[in-house]
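Side-chain atoms are counted along with the backbone in the values below, which use heavy atoms only and exclude waters and symmetry mates. Computed from a prediction, not measured in an experiment: that's the story for all the values here.
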Amino acid sequence: MSGRLTQLLADLDIELPAEDLELAFVHRSYAYEHGGLDTNERLEFLGDSVLGVVVTEYLYRKHPDMSEGQLARLRSAVVNSRALASVARGLGLGQLVRLGKGEEATGGRDKNSILADTTEALIGAIFLSAGNDAAARFVHHLFDPLSEHAATLGAGLDWKTSLQEQTSLAGLPVPHYTVVADGPDHAKSFEATVHIGERSFGPGSGTNKKDAEQDAAEQAFGVIKALADQVLQES
């Protein structure tokens, strides 16, 4: 394990033998090149559910006045490929992923989709090996701060809506998006770029067009909000 991950598990009092984590880092490209080994995809499926439950409960209790629709939008702003990939980078998970030669050669260790899937697989492995309480501690530590940040987005509670609010406040044109798809039908990935006047931000990535656009909007949000704040101060 990476030093950062080892230290975090120790800090959270999660005891997890290294061998129990091995499967969490086996990407399908590596498995296929090595005779059809098991992949981390089942753990990813499990981890996605664990993450969703823990974050949903946290938001439900933290924001008692929010409607179901608001909570759903807030959750989608927290649990997305960009947020998961950011967590993975912070833990150094990219260096642990076992990749096939093709993915290795094309920068797979820093692809949002691969890092996000690995984060979910890691959560699934912790749930199976150390239990629900340990997995919840792990998720709370990493995602509660993201939840608090996302709650400041504004009425829309999603990056695209919030970005459009800020462009309006800043007197900028309405954002528009270009999206490029890549990969086979069963495993497509998407990259989106958001264009605001003469400026472009991204690319954002995701397993569908919507997530890729949200990712790109998130990347643009901080810059455009700063411009909007400046306009408001000067008015």
Side-chain angles (χ1 to χ4, degrees), residues 8 11-14 44-91 112 115-117 119-124 126-127 130-170 174-175 177 192 194 201 204-229 232-233:
L8 177 58
D11 291 344
L12 296 176
D13 194 27
I14 299 174
E44 174 199 337
F45 170 79
L46 175 61
D48 175 68
S49 296
V50 173
L51 175 64
V53 168
V54 174
V55 170
T56 299
E57 181 184 8
Y58 174 81
L59 295 176
Y60 179 89
R61 296 184 184 279
K62 184 72 175 179
H63 303 286
D65 297 329
M66 283 189 180
S67 68
E68 179 272 341
Q70 289 175 310
L71 289 171
R73 288 191 293 273
L74 181 53
R75 180 179 58 194
S76 70
V78 176
V79 183
N80 57 61
S81 62
R82 180 172 170 78
L84 287 162
S86 177
V87 166
R89 291 187 181 98
L91 294 176
N112 278 4
L115 291 174
D117 292 347
T119 302
E120 290 179 335
L122 174 59
I123 293 169
I126 292 172
F127 177 85
N132 182 63
D133 289 345
R137 289 199 302 278
F138 188 78
V139 170
H140 280 303
H141 178 83
L142 294 170
F143 288 90
D144 286 1
L146 298 179
S147 299
E148 291 308 297
H149 173 64
T152 68
L153 282 172
L157 290 176
D158 71 83
W159 294 110
K160 288 183 65 176
T161 302
S162 297
L163 178 62
Q164 186 163 332
E165 290 174 353
Q166 295 303 318
T167 56
S168 177
L169 290 172
V174 174
Y177 297 80
V194 57
F201 301 86
S205 63
T207 55
N208 56 59
K209 179 181 176 182
K210 179 181 176 181
D211 285 350
E213 290 179 342
Q214 289 285 349
D215 191 8
E218 181 183 359
Q219 294 183 48
F221 179 81
V223 174
I224 302 304
K225 186 177 188 304
L227 293 174
D229 290 345
L232 291 174
Q233 290 173 2

Next on the checklist: Looking at Ser162 and Trp159, would you say the former's side chain and the latter's main chain have a donor-acceptor pair under 3.5 Å?
Outcome noted: no
Next on the checklist: When you measure from the side chain of Ser81 to the backbone of Ala116, do you find a donor-acceptor pair of N or O atoms at a distance under 3.5 Å?
Outcome noted: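 No; zero donor-acceptor contacts below 3.5 Å.
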Item to check | Results of salt bridge (Lys or Arg N to Asp or Glu O under 4.0 Å) for Asp215 - residues two or more places apart only | outcome: Arg82
Item to check | salt bridge (Lys or Arg N to Asp or Glu O under 4.0 Å) against Asp133, all qualifying residues, sequence neighbours excluded | outcome: none
For residues [X] and [Y], report the shortest heavy-atom separation together with the two atoms involved.
X      : Y      : result
Leu74  : Ser147 : CD1-O, 4.3 Å
Asn112 : Ser205 : CB-OG, 2.9 Å
Glu148 : Tyr58  : OE2-OH, 2.8 Å
Pro175 : Val194 : CB-CG2, 3.7 Å

Gap between atom [atom2] of [Y] and atom [atom1] of [X] - 0.5 Å precision:
X      : Y      : atom1 : atom2 : value
Leu232 : Lys225 : CG    : NZ    : 8.5 Å
Ser86  : Glu218 : OG    : CD    : 8.0 Å
Asp48  : Ile123 : CG    : CD1   : 9.0 Å
Leu8   : Ile14  : CG    : CD1   : 7.0 Å
Leu163 : Tyr177 : CG    : OH    : 5.0 Å

Side chain to side chain donor-acceptor pair (under 3.5 Å) partners of [X], counting only residues at least two apart:
X      : value
His141 : none
Asp65  : none
Glu120 : none
Thr56  : Arg75

